[in-house]
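Count residues from 1 along the sequence. These numbers come from a predicted model, not from an experiment.
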Amino acid sequence: MKTYEMIYVLDATLADDAKEAFGKKFEDIIVSKGGSVVSVDKWGVKKLAYPINYKTEGDYCVLTFEADGDAVKELERVSDLSVEVLRRMITVK
């Protein structure tokens with residue numbers, strides 16, 4: 001298994017419990033695919049460099065995890081289908 005980092009930006013207008021639910025959803029995907037979550041670093045709401053879908057602020061979070069490629073593909077699929085996720089990037093650490 002490799003170590004990955006997923007940086008994702010959520011819509012800043014979401015309620016706090018909805019933001020927590022997204023974090024939990026991503027962690028559950030990793031665990032269900034046989035991986036493990038190493039750390040979660042919440043950066044909070046920050047101004048975006050440029051507007052995304054007419055939004056100027058986003059809630060940033062960095063998720064470090066160990067998993068196989070299947071978990072990464074599923075995370076990409078789920079985050080792409082969610083309109084609340086403005087941007088995401090998954091890299092090998």
Side-chain angles (χ1 to χ4, degrees):
M1 283 194 277
K2 294 182 182 179
T3 302
Y4 294 92
E5 269 188 349
M6 176 179 176
I7 300 172
Y8 60 94
V9 182
L10 295 174
D11 185 357
T13 60
L14 286 175
D16 289 338
D17 57 342
K19 292 176 187 175
E20 291 293 326
F22 267 100
K24 179 81 170 108
K25 180 191 231 182
F26 294 146
E27 291 174 23
D28 289 345
I29 290 170
I30 294 165
V31 172
S32 70
K33 296 290 185 180
S36 63
V37 176
V38 176
S39 67
V40 178
D41 187 16
K42 297 179 182 177
W43 291 357
V45 176
K46 299 202 180 291
K47 189 174 186 307
L48 298 172
Y50 53 89
I52 302 172
N53 296 337
Y54 304 104
K55 310 282 184 192
T56 58
E57 291 185 332
D59 191 6
Y60 286 76
C61 188
V62 179
L63 178 64
T64 306
F65 62 96
E66 293 177 347
D68 292 327
D70 292 340
V72 173
K73 288 179 186 175
E74 183 65 14
L75 282 172
E76 289 174 344
R77 187 186 73 78
V78 170
S79 62
D80 286 346
L81 291 175
S82 304
V83 295
E84 295 86 357
V85 178
L86 300 178
R87 289 287 187 272
R88 62 108 182 108
M89 181 173 63
I90 302 174
T91 58
V92 176
K93 190 167 181 184

**Student:** Just one of Ile90, Val40, Ile30, Thr64 clears the side chain to side chain contact (heavy atoms under 4.5 Å, CB included) bar with Met6, so which one?
**Tutor:** Ile90
**Student:** How long is the gap from CD on Glu27 to OG on Ser36, to the nearest 0.5 Å?
**Tutor:** 11.0 Å
**Student:** Using 0.5 Å steps for rounding, measure from the NZ atom of Lys24 to the CG atom of Asp28.
**Tutor:** 3.5 Å
**Student:** May I have all residue pairs that pass side chain to side chain donor-acceptor pair (under 3.5 Å) and include part of residues 47-57, sequence neighbours excluded?
**Tutor:** Asp11-Lys55
**Student:** With rounding to the nearest 0.5 Å, note down the distance linking OG in Ser79 to CD in Glu74.
**Tutor:** 9.5 Å
**Student:** Could you tell me which non-hydrogen atom of Lys33 sits nearest to which non-hydrogen atom of Ala71, and how far apart they are?
**Tutor:** CB-CB, 3.7 Å
**Student:** Looking at Lys42 and Asp59, does any basic side-chain N land under 4.0 Å from a carboxylate oxygen?
**Tutor:** no
**Student:** For the NZ atom of Lys2 and the OG1 atom of Thr91, what is their distance to the nearest 0.5 Å?
**Tutor:** 11.5 Å
**Student:** What's the verdict on side-chain contact (heavy atoms from CB on, under 4.5 Å) for Asp80 and Arg88, showing C-alpha distance, side-chain angles and the deciding distance?
**Tutor:** CA-CA 8 Å; Asp80 286 346; Arg88 62 108 182 108; 3.2 Å; yes
**Student:** Taking everything shown except Met89 itself, do over 12 heavy atoms lie less than 6.0 Å from its CE?
**Tutor:** no
**Student:** If you round to the nearest 0.5 Å, how far is CD of Glu66 from OH of Tyr4?
**Tutor:** 11.0 Å
**Student:** Taking it one step at a time, do Asp16 and Glu20 satisfy side-chain contact (heavy atoms from CB on, under 4.5 Å)?
**Tutor:** CA-CA 6 Å; Asp16 289 338; Glu20 291 293 326; 5.5 Å; no
**Student:** Checking Tyr60 now: which residues fulfil ring pair (Phe, Tyr, Trp, His ring centres under 6.0 Å) with it, not counting sequence neighbours?
**Tutor:** none
**Student:** If you measure from CD on Glu5 to OG on Ser39, what distance do you get to the nearest 0.5 Å?
**Tutor:** 7.5 Å
**Student:** Please identify which of these residues, Leu86, Ile52, Val85, meets the side chain to side chain contact (heavy atoms under 4.5 Å, CB included) condition with Val9.
**Tutor:** Leu86
**Student:** Grab the two heavy atoms, one from Lys19 and one from Leu14, that are nearest each other, plus how far apart they are.
**Tutor:** CE-O, 3.3 Å
**Student:** So, do Phe26 and Tyr8 have ring centers that fall under 6.0 Å from each other?
**Tutor:** yes
